[in-house]
Number of protein chains: 2
Amino acid sequence: MKKKSLQYIADKTGVSVSTVSRVLSGNGEKYRISQKTIAMVKLEADKIDYMPDLIAKGLRTNRTDTIGLTVPNIDNPFFANLSCIVISELKQRGYHVLLADSMELDSEERDALNMFVSRKVDGIIAVPVSASPSLYEEIAVHTPVVLIDRYFDETSLPYICTNNYIGSRMATDYLIRKGHRDLLAIEGNRRALSNRDRTGGFLDEVKSKKGISIRTRIVGNAFSVDNGYNETMAILKSGDLPDAIFAFSTTILLGSIRALREYGIRIPEEISLISFDNNGFLDFLDPAITRIEQPLTEIGRRSTEILSELIENRRKELPDPKPIQELLKPSLIVRDSC
Amino acid sequence: MKKKSLQYIADKTGVSVSTVSRVLSGNGEKYRISQKTIAMVKLEADKIDYMPDLIAKGLRTNRTDTIGLTVPNIDNPFFANLSCIVISELKQRGYHVLLADSMELDSEERDALNMFVSRKVDGIIAVPVSASPSLYEEIAVHTPVVLIDRYFDETSLPYICTNNYIGSRMATDYLIRKGHRDLLAIEGNRRALSNRDRTGGFLDEVKSKKGISIRTRIVGNAFSVDNGYNETMAILKSGDLPDAIFAFSTTILLGSIRALREYGIRIPEEISLISFDNNGFLDFLDPAITRIEQPLTEIGRRSTEILSELIENRRKELPDPKPIQELLKPSLIVRDSC
DNA sequence: GTTTTTTGCGCAATCGTTTGCGCAAAATTC
DNA sequence: GAATTTTGCGCAAACGATTGCGCAAAAAAC
């Protein structure tokens with residue numbers, strides 16, 4: 001196969017490269033190219049199965065139809081699920097995806113973002129990892145950015161996240177209604193705002209139950225199986241068991257379950273369990289786990305929607321609209337672990 | 001911030017664009033640029049935090065340092081896991097990743113591959129979906145391709161997959177050694193060679209046990225929870241239960257478990273279960289599931305290794321080496337479900 | 001048969017790099 | 001001091017597309 005450039009078609013048909021370009025980008029009419037020429041060019045293009053060089057096109061037009069997506073860890077089912085949704089939403093809007101895995105590392109995140117900029121992506125969707133929004137804010141000056149799942153406190157960057165505060169209150173409320181009065185929360189990464197919101201919701205909900213005396217404990221410091229395991233183990237060793245454990249993520253939950261099993265503690269007879277994050281697997285555990293489901297699909301849908309609006313807006317040289325910052329309400333999935 | 005092109009630095013320092021380019025790409029010495037000029041240019045580049053336009057660079061050099069990766073469904077933990085490994089291996093080799101999710105659809109796969117070619121990716125790693133290698137073979141003429149996890153029968157395309165045949169024999173052997181004589185295999189997509197290999201391994205292993213009378217049944221037709229559920233349900237309704245069920249994937253396994261639970265059948269007391277694919281969650285099921293683990297890390301490592309060799313080879317205009325086609329041996333993870 | 005309008009298309013610049021070739025000035029040789 | 005070599009760097013083409021401008025030929029108007 002020869003080189004399939006516009007030049008090639010131009011030579012074959014005897015018209016100029018410009019004409020071929022106009023025809024193939026569908027602007028034949030607009031530039032008053034004759035039907036005969038249009039047909040001829042299209043025929044030739046079909047014959048060699050012409051596909052434009054998107055690199056050259058990108059250089060010239062400054063658009064790549066590519067979105068950079070960075071997540072903390074694709075291996076985590078939660079992010080895999082989220083990525084999946086975002087990718088398919090983006091595809092529907094005509095974008096392709098450059099994916100980076102920041103591995104929860106600031107340095108990797110920085111690399112990924114710089115790479116996105118160098119590649120001139122049209123926009124960026126990110127689950128941020130670092131504690132400061134500054135790099136994102138710098139980038140947002142020239143490239144639209146939408147944060148998902150995690151966000152920053154004082155920033156004008158748009159974000160679409162779960163309302164972790166509400167979710168946490170829902171879970172806590174449920175536990176209390178079930179009659180539990182001694183609650184243990186195992187939290188994740190304390191740097192993450194999402195985690196702090198969950199902690200806040202947990203405590204506020206307890207406080208709101210006036211007249212009911214409830215004991216609360218908060219331990220842990222990472223969204224990991226090990227953290228769940230270690231903290232639960234510590235509690236088990238102390239012998240001072242709570243009525244219920246609220247795991248701030250599925251990973252924490254699993255660690256906790258492992259520890260409880262080692263001690264032969266029965267769920268939910270001896271202790272109740274509730275968790276954040278949804279995951280199909282949780283229905284196959286015994287007992288199936290009651291949990292707070294984050295509105296992933298909605299996050300994926302909204303974020304891509306916002307991002308493409310931002311991109312369109314910039315293209316029209318309009319000023320950015322007021323940043324859209326939404327916290328979406330999660331839902332309670334009741335199963336058998338409480 | 002102004003435009004950060006070579007031109008800008010050239011203007012600032014008073015040298016030509018070519019000189020700036022040579023200095024910044026580290027070829028200053030080679031082109032005998034004076035130390036003074038080199039220092040000056042570098043200083044200016046640092047000052048504006050210069051980052052090359054990778055699009056322009058790609059157009060000129062015909063390399064994008066990008067690899068296209070397509071998988072059937074990123075949402076499936078198996079592929080999420082695999083992608084994660086491939087992505088991080090590629091990053092270590094200096095490549096970035098354009099990710100496409102083919103959703104097990106031929107049409108999506110075709111789109112993705114064309115997109116990769118249009119973007120001039122340096123190479124492609126793919127879990128193929130379609131039944132025919134023809135499109136891949138066309139592409140491989142100009143862009144290196146390595147298949148993973150699934151492969152084609154009669155092709156010279158390189159691939160790195162699990163030896164499903166061996167894995168299936170290992171699982172079957174284990175079941176038989178455990179004393180089971182009535183085996184049910186629930187298979188996945190029959191179009192997939194990997195599935196056919198598993199079926200073959202299952203039957204051959206049984207045949208190899210001369211002198212032992214073993215009953216075998218093979219049902220099912222998809223790598224899905226529903227398929228596992230439906231087929232198991234059918235068996236339960238017939239009342240003709242096997243001693244053991246061999247699920248050809250985790251998804252099938254889960255469906256099967258759901259059905260068994262509905263009927264209150266105890267595992268492993270009344271029936272044994274074994275599965276293909278590894279997944280951390282399987283250890284948290286009750287009982288933990290005995291399974292065949294695919295060497296994902298090895299697949300990720302080898303495939304990126306092969307691919308980058310192919311790319312280097314092409315760059316040196318050497319002929320392609322004999323295609324590397326490897327089937328890696330899986331391993332048995334013994335737990336409590338048999 | 002001019003003049004004006006419309007039709008149909010090409011010229012050439014441009015996007016930001018890379019790179020082969022070559023030229024002028026400085027340094028060295030004789 | 002002329003010839004030669006070395007040093008240091010710039011010119012301009014190229015990658016493959018897009019697009020503003022303008023020009024020639026054909027058609028229409030008078």
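First the proteins, then the strands, lettered A, B, ... as listed; each starts at 1. The basis for the numbers below is simple: all heavy atoms, side chains too, and nothing from hydrogens, waters or symmetry mates.
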Check whether any side-chain nitrogen or oxygen of A:S21 sits under 4.0 Å from OP1 or OP2 of D:dT19, and answer yes or no.
no

Just by distance, with hydrogens left out, do A:N313 and A:E309 show a side-chain donor and acceptor under 3.5 Å apart?
no

Within the pair B:Y31 and C:dC21, is there a side-chain N or O less than 4.0 Å away from OP1 or OP2?
no

Are any non-hydrogen side-chain atoms of A:L105 and A:V129 less than 4.5 angstrom apart?
no

May I have the list of side-chain donor-acceptor pairs in residues 28-41 of chain B shorter than 3.5 Å, sequence neighbours left out?
unit_1, atom_1, unit_2, atom_2, d
B:S34, OG, B:T37, N, 3.3
B:S34, OG, B:T37, OG1, 2.8

How long is the line joining CG of A:D11 and P of D:dG16, in whole Å?
13 Å

Could you tell me whether B:S25 contacts a base, only the sugar-phosphate backbone, or nothing, with contacts defined as non-hydrogen atoms closer than 4.0 Å?
nothing

Minimum-distance nucleotide (side-chain atoms of B:S16 versus D:dT18, C:dT18, D:dG10)
D:dG10

Separation of C:dA26 atom P from B:K36 atom NZ, nearest Å, is 11 Å

Let me know the distance between NZ of B:K30 and C1' of D:dT7, rounded to the nearest Å.
17 Å

Could you tell me whether A:K4 and A:D53 make a salt bridge, using a distance below 4.0 angstrom between a side-chain N and a carboxylate O?
no

Residues in residues 111-122 of chain A with a heavy atom under 4.0 Å of DNA chain C, by number, are none

Side-chain donor/acceptor contact of B:R22 with base of D:dG8 under 3.5 Å
no

Ranking A:T19 and B:I38 by the position along DNA chain D of their nearest nucleotide, the one closer to 5' is B:I38

Which of these nucleotides, D:dA17, D:dC9, C:dG10, is closest to any side-chain atom of B:S34?
D:dC9

Rounded to whole Å, how long is the line connecting atom CG of A:L6 with atom P of D:dT18?
6 Å

Ignoring hydrogens and geometry beyond distance, is the side chain of A:S18 in donor-acceptor contact with the base of C:dC11 at under 3.5 Å?
yes

d(CD1, B:I55; C1', D:dA14) in whole Å:
18 Å

Figure out the CG/C1' separation between B:L59 and D:dA17, and round it to whole Å.
8 Å

How many Å lie between CG on B:D53 and C1' on D:dG16, as a whole number?
14 Å

Salt-bridge present (B:D122, B:R315; N to O < 4.0 Å)
yes

Without decimals, in angstroms, what is the distance between A:R60 CZ and C:dG16 P?
10 Å

For C:dG16, does OP1 or OP2 lie under 4.0 Å from any side-chain N or O of B:Y50?
no

Is any side-chain nitrogen or oxygen of B:S5 closer than 4.0 Å to OP1 or OP2 of C:dG16?
no

Mark yes when over 12 heavy atoms from residues, nucleotides or ligands other than A:M115 sit less than 6.0 Å from its CE; otherwise mark no.
yes

Which listed nucleotide (D:dG8, C:dT14, C:dT17) is nearest to the side chain of B:R32?
D:dG8

Basic-acidic side-chain contact under 4.0 Å: B:R301, B:E326:
no

For A:T61 and B:V17, find the nucleotide of DNA chain D closest to each by heavy atoms; which residue's nucleotide sits nearer the 5' end?
B:V17

Could you tell me whether A:R110 atom CZ has more than 12 heavy atoms of other residues or ligands within 6.0 Å of it?
no

